[in-house]
Protein chains: 2
Amino acid sequence: MSDELLRALDQAGVRLTGPRREIAALIARRNGHFTAADLIADANKRRLGVGRATIFRLLDLLAEQGLVERVDLPDGRHAYVPCEPSHHHHLVCVACGAIAEVEDCGIDAVTAEASRRSGFTIESHRLELFGRCPNCRSAN
Amino acid sequence: MSDELLRALDQAGVRLTGPRREIAALIARRNGHFTAADLIADANKRRLGVGRATIFRLLDLLAEQGLVERVDLPDGRHAYVPCEPSHHHHLVCVACGAIAEVEDCGIDAVTAEASRRSGFTIESHRLELFGRCPNCRSAN
DNA sequence: GAGGACTTGATACTGGGTCTCATTGTGTGC
DNA sequence: GCACACAATGAGACCCAGTATCAAGTCCTC
């Protein structure tokens, strides 16, 4: 999985440096969403010696390539989720942080309707869904 | 319009103090979205002498009452929009910042579909639409 | 290998937002 | 009306995420 990230970066013409490999591994071993602060804490715990700036820079790079996406949690914090580069939306489990991706599930009809009613031309949208994953739902 | 805000606050059992009236007036005279920084700048320009903290506190209060909502702009910044307390979504004009509200326009079908596919129970969602309002569209 | 461009870490900085606390102002009960 | 309890205030310190800068180090190509 960290291989996937690295391969994609390589294809994008980005250098595969030591710090980048290590951060990619950190991302790979997290499942679900994570914040930049999580990665920074992980890196410190493992004494990787990578700087904060490097982590933010890599996240930017990954976001540019669509390998990671920023989502806004319901509490207003920012998180990142590793994902496929195609357009899609995220389901975030509010209990455990697990992420599922859903592709086109009728949102175009919604934007078209909103556009018709308001007279706006819609250029982009952001949809985030929050709830409980199957595991967390059965856990209580 | 600032009267509306004040009336709603009054009904919610919060005190109608001088600073709150002044900030409500600032919000009322902005149309479309604004950031906390905008309000702070307005307050400084008019020498209102209200503190930053007071402005943030009032925004929190208004958000709690559903009179104002936080939206995340495409560039990642936070903005607030004055709005009705009912559930709805926002259309944000990326050119001039104008806001339109749209109520239920089929999003429930989307969340139901996403839930069916993923097995998640969906508790809440956030949908933001970005585009150009009729004025800005015809302006170029 | 050598070399130049890209990348890095340290550090300072910025901007949004929160916390604290002594002081002030509000609304209620009388 | 008035006094009083308590909510609200402003100032300023503080915190945190993210950015900018820059000298030093690393990678990849040739």
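Reminder, nothing fancy here: chain letters follow the sequence lines and each chain counts from 1. Just so it is clear, the structure is predicted and the values come from calculations on it, not from any experiment.
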request  = Any salt bridge (charged side-chain N to carboxylate O under 4.0 Å, His left out) involving residues 44-64 of chain B? Give me the pairs, sequence neighbours left out, ordered by first then second residue.
outcome  = none
query = Which sits closer to the 5' end of DNA chain D, A:Ala36 or B:Gly51, going by the nucleotide each is nearest to?
reply =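 The residue closer to the strand's 5' end, by nearest nucleotide, is B:Gly51.
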query = Distance from A:Asp10 atom CG to A:Leu16 atom CG, nearest 0.5 Å?
reply =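 One gets 4.5 Å once the value is rounded to the nearest 0.5 Å.
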request  = Could you grab the distance from atom CZ of B:Arg20 to atom CD1 of B:Ile27, nearest 0.5 Å is fine?
outcome  = 11.5 Å
Grab the [atom1]-[atom2] distance between [X] and [N] for me, whole Å please.
X       : N      : atom1 : atom2 : result
B:Ile55 : C:dC19 : CD1   : P     : 18 Å
A:Arg77 : C:dG17 : CZ    : P     : 15 Å
B:Leu59 : D:dT9  : CG    : P     : 12 Å
B:Glu22 : C:dG25 : CD    : P     : 12 Å
A:Ile40 : C:dT8  : CD1   : P     : 14 Å
A:Asp38 : D:dA17 : CG    : P     : 9 Å
B:Phe34 : C:dG16 : CZ    : P     : 14 Å
B:Leu58 : D:dA7  : CG    : C1'   : 14 Å

key: Heavy-atom check, side chain of B:Arg70 versus side chain of B:Arg126, under 4.5 Å   =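 The answer is no; the side chains never approach within 4.5 Å.
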Toward the 5' end of DNA chain C, by each residue's nearest nucleotide, A:Arg20 or B:Thr35 =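 On the 5' side of the pair lies A:Arg20.
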ask   = Between B:Arg29 and B:Asp42, is there a salt bridge with N-O shorter than 4.0 Å?
value = no
Lys/Arg-Asp/Glu bridge criterion (N-O < 4.0 Å) met for A:Arg7, A:Glu4 = no
query = Which atom pair, heavy atoms only, marks the closest approach of A:Asp72 to A:Phe130?
reply =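 What the structure gives for the nearest pair is O-CZ, 3.3 Å.
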ask   = Does D:dG18 have OP1 or OP2 sitting under 4.0 Å from an N or O in the side chain of A:His78?
value = yes
task = Sugar-phosphate means primed atoms, P, OP1 and OP2; the rest is base. With that split, encode nucleotides 19-30 of chain D 5' to 3' as B, S or - using protein heavy atoms under 4.0 Å.
result = BBB----BBS--
note = Rounded to 10°, the helix from C:dG1-D:dC30 to C:dC30-D:dG1 deviates from straight, judged by its five-pair end axes, by 40°
request  = Would you check if there is a donor-acceptor pair between the side chains of A:Thr111 and A:Asp108 at a distance under 3.5 Å?
outcome  =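 The answer is no; no qualifying pair exists.
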task = Please state whether the rings of B:His89 and B:His125 are parallel, tilted or perpendicular, taking 30° and 60° as the class boundaries.
result = tilted
